[in-house]
Trainee: 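Sharing a structure, written as C-alpha cells. Questions coming.
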Amino acid sequence: MKGDSLIEDIGPGVQVAARILDEALVGADDGEIYVESVRSESFMFDDGRLKSASFDTGQGFGLRVVSGETSGFAHASEVSEAALTRAADAASAAKRGRSGSLAVGPTPVNRRLYADVDPTDSPDFVTKTNLLAEIDAWCRAQDPRVVQVSASLAGSRTAVEIIRAGGASVSEARPLVRINISVTMEKDGRRETASAGAGGRASYEEWIQPERWKALAQRAMRKAEVNLEAIPAPAGEMEVVLGPGWPAVLLHEAVGHGLEGDFNRKGSSLYSGKMGEQVASKGVTIVDDGTIANRRGSLSFDDEGTQTQRTTLIEDGILVGYMQDRLNSRLMGVAATGNGRRESYAHAPMPRMTNTLMLGGQADPEEIVRSIKRGIWAVDFGGGQVDITNGQFVFQCTEAYMVEDGKVGAPVKNATLIGHGPTVLNSVSMIGNDFAMDDGVGTCGKSGQSVPVGLGQPTLKIDAITVGGAGV
C-alpha cells in the first residue's frame, strides 16, 4: 500500500465505500467491505531443471450484508464506485424486509504480528532459481541413492483493508513464504519419496540460509532412507505414540473442526451442547492462538477486523470454548474470538482455525515411547480425512516405527490410523514436555476454502487406536 488505505490506492476511497456500505446496512445486523490486493509467485525445480515459474497479481473486494442468520455477499475484481454499488444492491437482498439492529464493530487494532515485506521483491529471480538448482545438486551429491529431487519456493504479499459502517477501517499487509524439498531414493529396485518444508509470515531470508535448507533436505533424505528399510505396518487396535509438532494435524482435523462455532450453532458437531463437560482426558488442554508472531496461521486481525487472540477450547479435558466469527458469536450470545477467516475477497468469512495447539505436559518423551507394550510410534504424517458429524478420521503415517516392550524396532510402511476424535482425546494417557510447533506448511480446507494454518503439540500416548496395515 502506498498510503495508509488500500482502497484509496486502488479504488474510490474510504468515504465513497463507507457511504455505499452504510446505505446497504440500513436495517441489517452486520456487514463490511473487505478489500484485497495480492502479489504472489512460485518456482518449481524438478528433475534437474526449472519446471515452472509464475508471478501473479490480483485485487478485488467482497461486500457482505448480514441479517439474522442470512448473509448476502457479492464480490468483484474491479474496485470502483459502480462495482461497489452493484455489490451493495445484490448483498442487500439478504435483509428481505427484515429490520435488525447494527452490531457494534470490532475494537480498532494497532498490533502487527509481522513486518510489511514483499517476498516477491527480494531476493531477485536469478537468486531464487539458482538456490533451487543448488538444492538439487547438493542433495544428489550427498547420497548416490538419490534419483530425483524436487524443490520449490512460494511467496506472497496480501494487502487487506476492512471497512465497516461509518467509515471505520483497519488495514495491513500479510506476507507468506514457503520452501519445500522432496527427495526420491532408490535401493535394490525399491523407491521411496519423502519431503520436508518450512515457512511463515516473513521474508524468504530466514528459510533460504544454507543451514536451514540443508537441514530440511537432510530431513527429507532421512525419511526416504528410513522408508527404504520399512516393513509392512501391522494391523489392529494398539497403543500409538504421536511425535511432537506436525502430527498435531490429526488433532487439528479430528478435533479442531468440531470446535468451530458454526458447526456447534447448527448442531452438526459432536461437541454441540457439551460446554462444561469432560470431553478429553485430564491434562489435555487445547488452544487456538492467532497471536504468535510470524507464524503461518497468525493474523494481526481476522478477516472481519476482529483482533486475534489465544482462545482456550479444552482445558484439563473440559470443553470451555468454541472458535467464533462475528455472525456465530452474535447468534450464540458470546464474544467473537478473532477466527473469522476467508480464502480471498471472493469468499465470505466463516469460523476457522489459526494456530491450533495441544499444550505440553510433564512426561519425558523417551519414557512415553518406552511405555509401549506393542504399538506404533508415529513420527510424521501425510494427509487425512475426517467427518465432523461423527468424528471418524483416517490418517496416513509417512514415518512410523514398530515398538515392542518399550524397544523401538523396524520402521513400518503404509500405517494408517483410523479412529474417532472424541475417543482419541479420552484415550490420551501421557503428555510429553517437548511441545513443538510445525515448520509452517499447513493449509486447512473447509467448505471449498483454503487458508494457511499452524499446528503444535508435544509427544502424546494414545492407549488404543486402530492401525490399518498389511502386516499382522
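Every value quoted in this text rests on a predicted model; they were computed, and no experiment measured them. Position 1 is the first residue of the sequence; numbering continues from there.
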Trainee: Measure the spacing between OG of S122 and OH of Y204 and express it to the nearest 0.5 Å.
Mentor: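 One gets 10.0 Å once the value is rounded to the nearest 0.5 Å.
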Trainee: Verify whether one side chain among Q59 and Y345 offers a donor that lies under 3.5 Å from an acceptor in the other.
Mentor: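 Note: Q59 and Y345 side chains miss the donor-acceptor criterion.
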Trainee: Thinking salt bridges, do D136 and R140 make one under a 4.0 Å N-O criterion?
Mentor: yes
Trainee: Check D439 with R219, please: is the shortest side-chain N to carboxylate O separation under 4.0 Å?
Mentor: yes
Trainee: If you compare all heavy atoms of V255 against all heavy atoms of G421, which two are closest, and at what distance to 0.1 Å?
Mentor: CG2-O, 4.4 Å
Trainee: Is E206 salt-bridged to R212, going by a charged N under 4.0 Å from an acidic O?
Mentor: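 R212 and E206: salt-bridged.
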Trainee: Checking T311 against Q309: is there a side-chain donor and acceptor pair closer than 3.5 Å?
Mentor: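 Judged by distance alone, the side chains do pair up.
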Trainee: Between R326 and D303 (salt bridge meaning N to carboxylate O under 4.0 Å), is one present in this structure?
Mentor: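 Here R326 does not pair with D303 in a salt bridge, since their nearest N and O are not under 4.0 Å apart.
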Trainee: R157 pairs by salt bridge (Lys or Arg N to Asp or Glu O under 4.0 Å) with which of D118, D116, D56?
Mentor: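 Among D118, D116, D56, the one meeting salt bridge (Lys or Arg N to Asp or Glu O under 4.0 Å) with R157 is D116.
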Trainee: One thing to verify: whether D302 and R341 come together as a salt bridge, which I'm taking to mean a side-chain N less than 4.0 angstrom from a carboxylate O.
Mentor: no
Trainee: Sequence neighbours left out, what pairs pass ring pair (Phe, Tyr, Trp, His ring centres under 6.0 Å) with at least one residue falling in residues 245-273?
Mentor: H252-H257
Trainee: Specify whether Y401 and W377 have parallel, tilted or perpendicular ring planes, treating 30° as the upper limit for parallel and 60° as the lower limit for perpendicular.
Mentor: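 Aromatic pair Y401/W377 classed tilted.
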Trainee: Start with the C-alpha distance between L319 and E277, add both sets of side-chain angles, then the distance that settles side-chain contact (heavy atoms from CB on, under 4.5 Å), and finish with yes or no.
Mentor: CA-CA 6 Å; L319 179 62; E277 296 184 15; 5.7 Å; no
Trainee: For residues 145-153, please give each side-chain donor-acceptor pair under 3.5 Å, one per line with the distance, not counting sequence neighbours.
Mentor:
unit_1 : atom_1 : unit_2 : atom_2 : d
R145   : NE     : D143   : OD1    : 3.1
R145   : NE     : D143   : OD2    : 3.3
R145   : NH2    : D143   : OD2    : 2.8
R145   : NH2    : E225   : OE2    : 2.7
Q148   : NE2    : D46    : OD1    : 3.3
S150   : OG     : D46    : OD1    : 2.3

Trainee: Tell me if the CD atom of Q209 is crowded by more than 12 foreign heavy atoms within 6.0 Å.
Mentor: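 Correct, the count exceeds 12.
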Trainee: Determine, for E32 against R342, whether the closest basic-nitrogen to carboxylate-oxygen distance falls under 4.0 angstrom.
Mentor: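 Looking at E32 and R342, the cut-off is met.
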Trainee: Is there a donor in the side chain of R39 and an acceptor in the side chain of T57, or the other way round, less than 3.5 Å apart?
Mentor: no
Trainee: Kindly check if the number of other-residue, nucleotide or ligand heavy atoms within 6.0 Å of CG (D124) is above 12?
Mentor: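 Count over threshold, so yes.
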Trainee: Does R64 make a cation-pi contact with F73 (under 6.0 Å, within 45 degrees of the axis)?
Mentor: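 No - R64 does not lie over the ring of F73 by the 6.0 Å and 45° rule.
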Trainee: What's the spacing between T423 OG1 and Q392 CD if we round to 0.5 Å?
Mentor: 7.5 Å
Trainee: Is any NZ, NE, NH1 or NH2 atom of the basic residue among K446 and D262 found under 4.0 Å from an Asp or Glu carboxylate oxygen of the other?
Mentor: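 A salt bridge links K446 with D262.
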Trainee: Testing the basics here: between V183 and A224, what is the closest heavy-atom pair and its distance to 0.1 Å?
Mentor: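 That closest heavy-atom pairing would be O-CB, 4.1 Å.
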Trainee: Restricting to non-hydrogen atoms, name the atom on L425 and the atom on I314 that form the minimum distance, rounded to 0.1 Å.
Mentor: CD1-CD1, 3.8 Å
Trainee: Could you work out, with salt bridge (charged side-chain N to carboxylate O under 4.0 Å, His left out) as the rule, every residue matching E186, not counting sequence neighbours?
Mentor: R191
